[in-house]
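For reference, the structure discussed in these notes is given below.
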Amino acid sequence: KKLSTTRPLVVEGDLPTHKFYISHANVLHLTNVPPHVTAKDVSDYFQPFCAEMRDVVGSVEVVTDLDGRSGGRVYVGFDTVQEYAAAWEGLVSSDRRIQWPARTSSPSTTTNTTTVAHPVHEQRLIRGEKFGPRTFRSAPELYHDLHHSWRAYVTPAQLQTLADHDVSETVLEDAFLATRNYNPTFGTEDQARVGEKLREGYVPGQHFKEFVEGYVEALVDSLVTREEPGELYKGMFFEGEEMDYELFDREEKRVKDLASEKYYGK
């Protein structure tokens, strides 16, 4: 049987492309999508259900024919299970229907603007594996992760040693908060999913854990006092030369000034 030269050739099915499917936690399948509805229109519709700004190009897949014309089917990907659940709950409340703004194609006809949403069920993959959902954290969980998670990687003995030298937990919290805010390396590596990791074999949080442990260990090792200045400081003077302790006086004053400020107040 010859293929029609006038009707568009569209491959039927209920799964998106392999790459799209494995890179999202969950996927919705939209049918009867009017041709005038763009990927951005679809993305904007589902934006209220998502915490982060949606990726118009990466998380919306429009099924087209060989000539690039829309076939009325669109796949919508979600990075987290929670966002997918919120979107599906909203769709169920409207009988899984999405009503797009009408667009008159001619004085006598109007395009059907009602789209129907379907869940894409999990399928057994012939090759590869799904990346899995991205990490989802509530506002309190995110606050704890940014401000307090470092404490799990520091021993009580180290905290006490640092406190004895006027390095308070508030100072450490500020240092690690600044590190996570201004160094995207930790965010990228610590939250990466399978297939997106910069360091294979690392589990989420491992890079930041190693940084905190190394930072605190180096900080404790570098602690010196007037009574015990350390070999590095002693090496700055010739044998028999009287040691100058002005540096310790300046550092003591600097620490006291910091402690007196509101942010580092004791």
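None of the values given here were measured: they were computed from a predicted structure.
At a threshold of 4.5 Å between non-hydrogen side-chain atoms, the residues T31 and H118 count as touching. With contacts defined as side-chain heavy-atom distances shorter than 4.5 Å, the pair V42/V76 qualifies. The closest side-chain heavy-atom distance from L223 to L162 is below 4.5 Å. Looking at heavy atoms from C-beta onward, L91 lies in side-chain contact with L28 at the 4.5 angstrom threshold.
Residues passing the salt bridge (charged side-chain N to carboxylate O under 4.0 Å, His left out) test with D244: none are found, sequence neighbours excluded. Under the rule for a side chain to side chain contact (heavy atoms under 4.5 Å, CB included), A85 has no partner lying at least two apart in sequence or in another chain. Qualifying salt bridge (charged side-chain N to carboxylate O under 4.0 Å, His left out) partners for E210, counting only residues two or more places apart in sequence or in other chains: none. For E246, the salt bridge (charged side-chain N to carboxylate O under 4.0 Å, His left out) partners two or more places apart in sequence, or in a different chain, are R250. Residues satisfying the side chain to side chain contact (heavy atoms under 4.5 Å, CB included) criterion with E228, sequence neighbours excluded, are T225. Under the rule for a salt bridge (charged side-chain N to carboxylate O under 4.0 Å, His left out), the partners of E213 that lie at least two apart in sequence or sit in another chain are K209. For the ring pair (Phe, Tyr, Trp, His ring centres under 6.0 Å) test, residues two or more places apart in sequence or in another chain that qualify with F46 are F78. For D249, the side chain to side chain contact (heavy atoms under 4.5 Å, CB included) partners are R226, not counting sequence neighbours. Applying the side chain to side chain contact (heavy atoms under 4.5 Å, CB included) test to S149 and every residue at least two apart in sequence or in another chain returns D145, R180, F208.
Among all heavy-atom pairs drawn from V27 and P16, the shortest one is CG1-CG, 4.3 Å. Nearest heavy atom pair, residue H148 against residue Y143, reads NE2-CE2, 3.9 Å. Nearest heavy-atom pair, Q47 versus R54, reported as atom, atom and distance to 0.1 Å: OE1-N, 2.9 Å.
Applying the salt bridge (charged side-chain N to carboxylate O under 4.0 Å, His left out) test to every pair with at least one member in residues 17-41, sequence neighbours left out, gives these pairs: K40-D44.
Cluster partners of M236, using a side-chain heavy-atom cutoff of under 4.5 Å among ILVMFWY residues and allowing indirect links, are V224, Y233, F237, M243, Y245, L247, F248. With side-chain heavy atoms closer than 4.5 Å counting as contact, directly or through intermediates, V81 stands alone and belongs to no larger hydrophobic cluster.
F20 and H24 have their aromatic ring centers within a separation under 6.0 angstrom. Ring centroids of Y84 and F49 are separated by 6.0 Å or more, keeping the two rings apart.
To the nearest 0.5 Å, atoms CD1 (I98) and OH (Y45) are separated by 4.5 Å. The line from CD of E169 to CG of D174 is 13.5 Å long, rounded to the nearest 0.5 Å. To the nearest 0.5 Å, atoms CG (L172) and CD (Q158) are separated by 10.0 Å. Taking NE2 of H121 as the start and CG of N26 as the end, the distance is 11.5 Å to the nearest 0.5 Å. Rounding to the nearest 0.5 angstrom, the gap separating the CD atom in E61 from the CG atom in L30 is 12.0 Å. Taking OG1 of T80 as the start and CD of E52 as the end, the distance is 9.5 Å to the nearest 0.5 Å.
Between the side chain of S59 and the main chain of V56, no donor-acceptor pair closer than 3.5 Å is present. Using modelled atom types, one side-chain atom of Y75 and one backbone atom of L15 make a donor-acceptor pair closer than 3.5 Å. A donor-acceptor pair under 3.5 Å links the side-chain atoms of R96 to the main chain of A117, judged by distance alone. A donor-acceptor pair is defined here as one N or O able to donate and one able to accept, closer than 3.5 Å; such a pair exists between the side chain of T115 and the backbone of N32. S43 contributes no side-chain N or O that, together with a main-chain N or O of A39, makes up a donor-acceptor pair within less than 3.5 Å.
Classification of the F211-Y215 ring pair by plane angle, with boundaries at 30° and 60°, yields tilted.
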TODO: Determine, step by step, whether R69 and T64 satisfy the side chain to side chain contact (heavy atoms under 4.5 Å, CB included) criterion, reporting the C-alpha distance in whole Å, the side-chain angles of both residues, the deciding distance to 0.1 Å, and the verdict.
DONE: CA-CA 5 Å; R69 292 173 296 191; T64 60; 5.9 Å; no
Open item on the list: Using side chain to side chain contact (heavy atoms under 4.5 Å, CB included), reason through V212 and V216 one step at a time and then give a plain yes or no.
Closed with: CA-CA 6 Å; V212 172; V216 173; 4.3 Å; yes
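Around the CD atom of E241, the shell of radius 6.0 Å holds more than 12 heavy atoms that belong to other residues, nucleotides or ligands.
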